[in-house]
Protein chains: 2
Amino acid sequence: MPEARAPTRIQRKNRAAILDAALDVFSSQGFRGATVDEIATAAGLSKPNLLYYFPSKEAIHAAVLEQLLDTWLDPLRALDPSGEPLEEILAYMHRKLQMARDLPRESRLFANEIVQGAPRIHDVLSTDLKALVDEKVAVIRAWMDAGQIAQVHPYHLIFSIWSLTQHYADFDVQVRAVLGPEDPFAAAPEFMETLYRRLLTPPDQA
Amino acid sequence: MPEARAPTRIQRKNRAAILDAALDVFSSQGFRGATVDEIATAAGLSKPNLLYYFPSKEAIHAAVLEQLLDTWLDPLRALDPSGEPLEEILAYMHRKLQMARDLPRESRLFANEIVQGAPRIHDVLSTDLKALVDEKVAVIRAWMDAGQIAQVHPYHLIFSIWSLTQHYADFDVQVRAVLGPEDPFAAAPEFMETLYRRLLTPPDQA
DNA sequence: GTATGATTTGACCAAAAGGTCAAACTCACG
DNA sequence: CGTGAGTTTGACCTTTTGGTCAAATCATAC
């Protein structure tokens, strides 16, 4: 493995190619189903060459996952406590939906990992993720208590946003099989906007 | 493999044990990640003994999946066109939520398969599943046109029920990591009931 | 242009995994 | 209680797979 010194041009190119190829393969086959050879070929490298850049399959997976987690929580982080409550939540939902459309591989990598019990990221979930969610739930609860949005279980509200948006990436093949030629992302935003407006509009504004 | 004649007592017992063990292993590791040895051990059999009952790993997987699909669509089939619209949809949602709670392994097996592109059940999705959904969408559309429930995209309505309910099974580990000791299924039914009542109650009844 | 470190690869290894088979064992039934 | 069908398994085979290594090739700074 190359030293931790300044990476060369070739190192940057190959590392990026490997991570991209690994995202492809891991997201469509899962960790155990992916083979180092397949990743190497997808990256345009030989297997020993790939192992020159990463010491093991585990290490590749960890690197891809770390890179993913880094950006995966950004939409929630961006929820602004000083914004207009309903619009903030809707904007968060739309950002997540964008990510499902634009980064489906990332979503599926994450789904694969969680469905199989999250053996490699359980810690991050119960520390970093939980902390972030707890923080934002406090914000949402304050909005509810102030009557700015309707009272619903805030954690389940967030789960619902995760589940509805990621469904379009993770279950893409099923959604398309049922929907036929219609683009899932054509009607999804409006449907979800309607759903959350009706759920969260406070009673006195109905 | 035993003949297709009347199965013996031992055959029934072992086949059942194998299918149950396979559901365990496939749902938590995916097809490629599961090993025949692991399934055999979980079923209390030796590997050659397991292969006496099923000719291959593929065959076991196919059997488990077929058994699953058989029951997976029952809740939707039971949607009654002559029932009270909103209550019918809520009842469907509750049946799906029950399944997520009571059959999480089945849900995760399904999720694993779909996330990885549904290589083995794509046909069923675009024929049987699509046909069933099309049929029920027609019913829902009629209810909407009659003003008995609010107008929303009926396909996305069904996707939302799938996604919200199965999330509690498929992403169980994440939900619990965020929620802490609280039982996810304690608040989920009420949350979802509220959500769909607000989404679907027709405007003139609001 | 050449020395030096970075990069690449063919050949190889050991472990894991799907599957086979003949021989041994068990069970149900007359 | 013996017999044939049904069941089980130890030993084995082949392929796949993660990973190693020494030797060869390449890039680039001097």
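Note on naming: letters A, B, ... go to the chains in the order of the sequence lines (proteins, then strands), and numbering restarts at 1 for each one. Only this structure's heavy atoms are used, side chains among them; waters, hydrogens and symmetry mates stay out.
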Original post:
Is it true that the side chains of Ser82(A) and Asp80(A) contain a donor and an acceptor less than 3.5 Å apart?
Top reply: yes

Protein-proximity profile, nucleotides 11-27 of chain D, B/S/- by nucleotide at the 4.0 Å heavy-atom cutoff, equals ------SBBBB-----S

Item to check | Minimum side-chain heavy-atom gap Val115(A)-Phe110(B) below 4.5 Å | outcome: no

message = Taking only side-chain N and O atoms of Thr8(A), does any of them lie within less than 4.0 angstrom of OP1 or OP2 on dT7(C)?
response = yes

What do you reckon, are the aromatic ring centroids of His153(A) and Phe191(B) less than 6.0 Å apart?
no

Rounded to whole Å, CZ of Phe54(A) lies from P of dT7(C) at a distance of 13 Å

Detail all sub-3.5 Å separations between protein N/O atoms and N/O atoms belonging to nucleotides 3-5 of chain D.
none

- prompt: Are any of Gln11(B)'s side-chain N or O atoms less than 4.0 Å away from OP1 or OP2 of dT7(D)?
  reply: yes

- Item | Flag, side chain of Asn112(A) to backbone of Ser27(A), donor-acceptor distance under 3.5 Å | yes

_Near-ring test His156(A)/Tyr168(B), centroid separation under 6.0 angstrom_ = yes

Between CG of Leu50(B) and P of dG18(C) the distance, given in whole Å, is 11 Å

Quiz item: Relative to the ring of Phe171(B), is the ring of His167(B) parallel (under 30°), tilted (30 to 60°) or perpendicular (over 60°)?
Solution: parallel

For Leu76(B) and Lys136(B) the tightest heavy-atom approach is O-CE, 3.2 Å

inquiry  = Does Glu193(B) have more than 12 heavy atoms from other residues, nucleotides or ligands lying within 6.0 Å of its CD?
reply    = yes

